[in-house]
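Note that the structure is a prediction, hence the values are computed from the model and not measured. Order of the sequence lines fixes the chain letters, A, B, ..., with proteins taken first and strands second; residue numbering starts at 1 for each chain.
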2 protein chains.
Amino acid sequence: MSLETLASSPAISVAAAFPKRQIHHLREVSDNTAALRCTSCLLRDFCLPSGLSAQDTELLSTLIAARRTVRRGHALYHGGDPFENIYTVRAGSFKTQLFNPEGREQITGFQISGELLGLDGITGGQHDCDAVALEDSQVCVIPFKHLEQLSFDMPTIQHMVHRLLGAEISRERKLLMVLGNMCAEERVASFILDFSARLTARGYSSSEFNLRVTREEIGNYLGMKMETVSRIFSRFQDAGYIAMRQRLIRIVDLDGLRAVLEPARLSA
Amino acid sequence: MSLETLASSPAISVAAAFPKRQIHHLREVSDNTAALRCTSCLLRDFCLPSGLSAQDTELLSTLIAARRTVRRGHALYHGGDPFENIYTVRAGSFKTQLFNPEGREQITGFQISGELLGLDGITGGQHDCDAVALEDSQVCVIPFKHLEQLSFDMPTIQHMVHRLLGAEISRERKLLMVLGNMCAEERVASFILDFSARLTARGYSSSEFNLRVTREEIGNYLGMKMETVSRIFSRFQDAGYIAMRQRLIRIVDLDGLRAVLEPARLSA
DNA sequence: CGCACGATTGACGGAGCTCAAGCCGCGTGG
DNA sequence: CCACGCGGCTTGAGCTCCGTCAATCGTGCG
């Protein structure tokens with residue numbers, strides 16, 4: 001199936017013609033310039049331009065060097081790759097994973113449409129994690145050099161960059177809170193609620209969605225084992241909080257899920 | 001009496017007035033404007049100026065609005081406070097702690113001399129965690145607005161800001177890895193090693209140092225209970241990896257500690 | 001169709017939590 | 001000067017949650 005159900009412009013059908021194998025490291029095929037404009041993108045309100053004036057959005061558009069398609073399971077970039085671009089997810093979804101010196105893996109996040117990729121690596125000049133597509137996906141490519149240059153003249157752009165970096169810090173902090181303080185049930189509940197909230201913020205249904213990740217990946221992300229994740233999903237289903245078939249999940253009792261996170265559920 | 005006596009008293013002969021060893025419990029220093037210069041600060045190579053040219057360092061110095069003393073147990077800022085400044089730790093140490101909606105606490109980091117505080121809050125315009133002094137401490141105050149303004153003209157300064165934000169992201173990622181993947185022994189080992197490495201990087205002894213935090217705080221930071229932390233310290237001591245008296249810790253067998261983090265310690 | 005991978009479920013064991021008692025080091029006041 | 005109390009640390013005993021191992025099932029793909 002085409003990735004492009006979301007894409008607006010007819011010119012986009014170019015993307016469908018992408019060669020099947022090794023999109024991986026392909027030199028960019030540019031779509032026609034008009035199609036790269038944020039103003040005509042359906043995601044404009046949920047993506048970088050959100051909050052920017054029409055004028056600034058236009059300017060931001062000029063930065064988008066290309067779009068790039070990444071096949072399921074392939075990496076948009078690897079840890080160690082030189083840092084050149086940041087990316088916004090235009091269609092599909094990704095995971096970012098980190099490997100420590102001893103070879104352990106930690107998934108640090110899942111990114112959906114309108115969210116940002118590649119900010120790691122601003123520091124060291126190279127990415128420090130892998131970004132892997134969870135399904136056939138497409139990103140907008142923004143050369144960071146250009147963005148920096150633009151931000152010299154444009155305070156609003158500079159603010160945006162700071163905001164983005166700060167947002168990344170906050171996001172990881174929330175995850176720290178989850179990993180440091182919560183038991184397995186609470187972790188899974190907060191994972192579902194977080195996912196749902198982000199989908200809502202991007203105009204998707206908040207009550208029914210496709211997780212697109214294996215139980216193993218969820219487990220890795222949440223610091224627990226696949227089997228435990230599975231058991232808790234089953235438990236939530238039995239409790240009537242959710243309904244699920246494979247990776248499709250429907251939230252049935254939102255308050256029930258939220259209650260899992262309530263503090264002391266103990267008697268007075 | 002105000003804590004600010006330090007920041008505004010008559011000139012003393014600057015850095016020379018710093019007794020080498022007790023930087024930790026300093027109270028005696030007073031600074032006039034001249035003294036606010038990074039170039040004359042003993043920490044210059046371990047702090048923000050690290051990596052900057054003499055010229056840029058000079059420029060950076062002009063940003064330092066004041067120094068501020070914070071008493072042990074007091075907060076430099078609270079979550080919710082408007083974001084105005086970032087801070088570098090000039091003497092002493094801090095912890096940053098986060099509270100989630102349900103009232104749970106998570107310590108997200110410990111900061112020592114030369115390290116940075118306050119970057120949270122760039123996004124939302126207000127700090128999202130508390131920064132609390134672990135001992136009587138002193139910070140340099142850098143108004144973020146000024147820093148942003150300066151960075152319009154100075155690419156190197158802008159780079160520095162990005163580098164700092166990126167470093168914060170990396171730091172939190174390392175912690176994610178610890179919380180998501182490691183068992184209690186490994187967490188404590190990596191905590192000790194991390195502390196030691198940071199002290200080394202700042203010119204302190206790497207083998208003997210004062211943790212300055214309670215077992216409870218270490219536990220909170222590492223996602224485990226005080227009792228477990230204590231047990232593991234004892235175990236490490238019995239194993240001859242460390243020697244400790246209260247919060248003073250000495251690394252006896254560095255390789256032993258490192259080996260705790262080795263991957264599969266299983267037979268071939 | 002059959003294979004392979006992912007998901008589910010069960011049985012069991014152990015790492016870490018809970019509860020509790022006792023200890024140490026330090027400050028305070030008699 | 002010591003007695004006392006308090007906060008933080010240590011250590012033990014028991015329990016629980018979650019990890020481990022393993023068998024089975026379901027589903028999508030070649």
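- For B/Phe209, the ring-ring contact (aromatic ring centres under 6.0 Å, His included) partners two or more places apart in sequence, or in a different chain, are B/Phe195.
- Between B/Gln237 atom CD and D/dT10 atom P there is a gap of 8 Å when expressed in whole angstrom units.
- Here the range on DNA chain C touched by chain A, meaning any atom under 4.0 Å from one of its heavy atoms, is C/dG6 to C/dA11.
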Close N/O contacts between protein and nucleotides 17-21 of chain D (under 3.5 Å):
from, atom 1, to, atom 2, distance (Å)
D/dC18, OP1, A/Ala184, N, 2.9
D/dG19, OP2, A/Lys225, N, 3.3
D/dG19, OP2, A/Thr228, OG1, 2.4
D/dT20, O4, A/Arg231, NH2, 2.9
D/dC21, N4, A/Glu227, OE2, 3.3

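- Note that the CZ atom of A/Arg231 and the CE atom of A/Met224 stand 10.5 Å from one another [nearest 0.5 Å].
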Donor-acceptor contacts under 3.5 Å from residues 233-246 of chain B side chains, at least two apart:
from, atom 1, to, atom 2, distance (Å)
B/Ser234, OG, B/Ser230, O, 3.1
B/Arg235, NH1, B/Glu185, OE2, 2.8
B/Gln237, NE2, B/Met244, O, 3.3

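- Shown here are the side-chain contact (heavy atoms from CB on, under 4.5 Å) partners of B/Ser207, two or more places apart in sequence or in another chain: B/Ser205.
- Between B/Arg104 and A/Glu186 there is a salt bridge, since at least one side-chain N of the basic residue sits less than 4.0 Å from a carboxylate O of the acidic one.
- Qualifying side-chain contact (heavy atoms from CB on, under 4.5 Å) partners for A/Lys225, counting only residues two or more places apart in sequence or in other chains: A/Glu227, A/Thr228.
- Annotation: side-chain contact (heavy atoms from CB on, under 4.5 Å) contacts of B/Glu115 (sequence neighbours excluded): B/Gln111, B/Ile112, B/Arg198, B/Arg202.
- In terms of the side-chain contact (heavy atoms from CB on, under 4.5 Å) criterion, residue partners of A/Ala133 (sequence neighbours excluded) are, by chain and number, A/Val70, A/Phe94, A/Ser137.
- Heavy atoms only, all atoms of each residue included: A/Ser93 and A/Glu135 are closest at OG-OE2, 2.5 Å.
- Comparing the local axis fitted to the first five base pairs of the helix from C/dC1-D/dG30 to C/dG30-D/dC1 with the one fitted to its last five gives a bend of 30°, rounded to 10°.
- Rounded to whole angstrom, the span from the CD1 atom of B/Ile218 across to the P atom of D/dG8 amounts to 13 Å.
- Here the CZ atom belonging to B/Phe191 is positioned 12.0 Å from the CG atom belonging to B/Leu257, to the nearest 0.5 angstrom.
- Residue pairs meeting the side-chain hydrogen bond (donor to acceptor under 3.5 Å, both in side chains) criterion with at least one partner in residues 248-260 of chain A, sequence neighbours excluded, do not occur; the list is empty.
- In this structure A/Arg187 satisfies the salt bridge (Lys or Arg N to Asp or Glu O under 4.0 Å) test with no other residue, sequence neighbours excluded.
- With values rounded to the nearest 0.5 angstrom, B/His78 atom NE2 is found 11.0 Å from B/His127 atom NE2.
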request  = If a protein heavy atom is under 4.0 Å from the base, mark B; if only from the sugar-phosphate, S; if neither, -; do that for nucleotides 24-30 of chain D going 5' to 3'.
outcome  = ---SS--
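- In this structure, CZ of B/Phe233 is placed 16 Å from C1' of D/dT11, rounded to the nearest angstrom.
- Atom CG of B/Asn220 is separated from atom P of D/dG8 by 14 Å (rounded to the nearest Å).
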